[in-house]
Amino acid sequence: MESENGSTVRSRSRVLPKMPSFPDLDSPVGENGESQCNGEKRLTSNGKMEVEQLISRKLQLKRKAEHLKSDLMRQFEGQVNDFMDSLIEESAILEAAPVSAAFSPPLSDKEMTKLGLSSCGQLRSPQSQGKQFVNRRSLLDELFEVNHIRTIYHMFIALLILFILSTVVVDFIDEGRLVLDFDLLVYAFGQFPLVVSTWICMFLSVLVVPYLLFQIWASQYLSSALPGLWSLLLGSLFVLYQALGLGLLPTYVAVGNSLPPASCFVIILEQVRLMMKSYSYMRENVPRVLALAKDKKGSALASVTPQMTQYIYFLFAPTLIYRDKYPRNPEIRWSYVATKFLQVLGCLFYAYYVFVRLCIPQFRSISPQLFDLRAMVLCVFSSILPGALVLFLAFFAFLHCWLNAFAEMLRFADRMFYKDWWNSTSFANYYRTWNVVVHDWLYYYIYRDFLWVSRKRFRAAAMFLVFTVSAVVHEYILAICFGFFYPVLFCLFMCFGMMFNFILHDRRKGPIWNVIMWTTLFLGQGVIICLYSQEWYAQRHCPLQEPSFLDLMKPRSWSCHLQSGPPEADTL
């Protein structure tokens with residue numbers, strides 16, 4: 001036996017390479033091939049067990065080395081990507097549109113935090129302190145070049161096809177024929193000629209009044225002996241125009257003619273957009289005239305007052321921040337424009353089928369009743385899916401397709417209308433990245449100007465003011481367009497929005513916080529769809545003959561109670 005075993009060991013030693021002896025942590029080996037296991041000694045016969053242990057140990061070290069290599073490569077790749085992104089952004093800033101030589105060059109990041117204050121406490125040029133426009137594409141245009149991301153877009157198209165097939169099949173079964181009517185769209189965009197004429201009047205007034213008021217004020221401020229009087233007079237005229245010409249008259253047209261929701265949204269959203277544009281035009285150009293007057297260079301007035309063509313371009317440009325010049329693309333891709341407008345039309349029909357299949361049948365079949373916790377919970381959770389779809393459609397149709405189409409027609413090169421808000425792990429980051437166009441206006445003209453006035457002493461108050469203005473404007477739009485006051489969105493903004501802004505702040509990182517953000521966002525959309533839909537049908541099922549002011553302020557769904565159910569003739 002020993003000779004046989006010995007010969008076997010010698011033959012194996014010729015085949016196996018000589019390996020270094022590694023200590024086995026799991027099964028310690030003693031001298032002379034003795035192994036200690038549970039306090040008992042045993043011999044490793046023929047060296048077989050020792051060789052197997054050495055091979056296993058070597059394989060373990062190899063796997064650890066491979067994992068370490070992959071981790072190091074991922075970290076190195078991430079650092080290289082971050083460095084290249086920062087390098088591209090810095091180079092893009094250097095290629096930004098040039099500003100007038102009368103103003104200081106763009107400041108560094110450290111100087112930008114000084115909120116426009118010079119060493120003597122004066123307001124510097126808003127163009128050197130404000131937003132820098134650079135040449136960049138929209139994020140979705142870049143992501144859709146990746147096949148894996150474009151598949152998500154194809155999934156939404158497939159879902160639209162299923163909505164259309166579902167509607168056609170149900171109508172064919174119920175009616176016995178193919179029904180292709182769009183009563184909801186026809187109703188929602190009713191009285192559209194009145195909408196077009198109202199928009200033309202609003203646009204012409206914005207084109208003429210702010211421009212002329214600024215030109216008159218600038219010339220009189222630099223040449224008149226009473227510049228303060230001219231500032232008070234023309235400033236008051238501008239405020240009256242904003243309040244009455246753009247504020248009251250379009251609202252009176254929408255309410256007085258009982259415009260349907262979609263038509264009303266067109267007028268009110270354009271009203272808000274033009275008011276923000278005219279304010280930005282004044283806010284960006286008035287400091288230039290003040291700086292010119294301080295330098296006693298009245299003859300150079302033409303160099304700081306914008307031309308009419310620059311102002312017209314700004315009124316159509318997809319931004320709310322005025323600049324004399326923007327980065328421009330060399331040519332217009334008309335195929336790209338047509339594709340974006342077709343996508344807007346597709347999103348419109350998508351929203352139509354979402355309401356027809358998921359919203360109207362649910363709320364029209366429920367008779368208005370007093371508050372019931374069970375029914376409310378079921379209503380909210382059943383409204384999450386249509387609410388999420390409406391959120392995605394509104395984002396894609398307006399912030400991506402509509403703004404990119406106009407940017408392409410105007411050769412407007414800065415296409416950062418949104419950022420990667422879907423990756424947000426905090427609501428503070430979500431508010432900054434969801435709608436960059438509106439966020440820039442709120443940040444530069446409310447938040448930063450408030451800090452400038454208060455000498456940076458009330459940052460919390462500045463943030464609260466931004467939330468208040470945003471909440472009031474959103475609630476004003478919904479109240480006018482729906483025809484009733486139900487401050488659901490206002491409460492979500494001011495209560496939960498403010499709370500989540502401080503709880504889910506930027507220091508929250510990791511996938512779990514992104515899941516929490518999406519969960520609360522979807523839940524909020526379900527609350528909005530549920531409560532506003534209930535109020536919409538309550539307003540139609542329980543009309544008031546001579547409502548008082550208190551009746552108009554109190555939600556009708558709180559008191560409307562029908563035993564027999566809603567009228568069958570009501571199609572909406």
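Treat the numbers as computed from the prediction; the structure is a model and nothing was measured.
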Practice task
Can you tell me which residue pairs pass the salt bridge (Lys or Arg N to Asp or Glu O under 4.0 Å) test with a partner in residues 264-275, sequence neighbours excluded?
Solution key: E270-R273
Practice task
Name all residues meeting the ring-ring contact (aromatic ring centres under 6.0 Å, His included) criterion together with F341; count only those two or more places apart in sequence or in a different chain, and write none if there are none.
Solution key: W402
Handout entry: salt bridge (Lys or Arg N to Asp or Glu O under 4.0 Å) contacts in which one or both residues fall within residues 388-404, not counting sequence neighbours
Key = none
Exercise for the section: Using side chain to side chain donor-acceptor pair (under 3.5 Å) as the criterion, list what pairs up with T433, not counting sequence neighbours. Expected result: none
Fill in the blank from the handout: The complete set of side chain to side chain donor-acceptor pair (under 3.5 Å) pairs with one or both residues in residues 478-491, sequence neighbours excluded, reads Y486-W558
Completion exercise
Residue pairs meeting salt bridge (Lys or Arg N to Asp or Glu O under 4.0 Å), one or both in residues 147-170, sequence neighbours left out, come to none
Exercise for the section: Could you list the residues that satisfy ring-ring contact (aromatic ring centres under 6.0 Å, His included) with Y532, not counting sequence neighbours? Expected result: F482
Handout entry: Qualifying residues under ring-ring contact (aromatic ring centres under 6.0 Å, His included), relative to F163, sequence neighbours excluded
Key = none
Completion exercise
Residues passing the disulfide (SG to SG under 2.5 Å) test with C379, sequence neighbours excluded, are C530
Exercise for the section: Using side chain to side chain donor-acceptor pair (under 3.5 Å) as the criterion, list what pairs up with S383, not counting sequence neighbours. Expected result: none
Practice task
Return the set of residues passing side chain to side chain donor-acceptor pair (under 3.5 Å) with Y353 (not counting sequence neighbours), or none when no residue passes.
Solution key: none
Problem - Non-neighbouring partners of Y476 that pass ring-ring contact (aromatic ring centres under 6.0 Å, His included), sequence neighbours left out - result: none
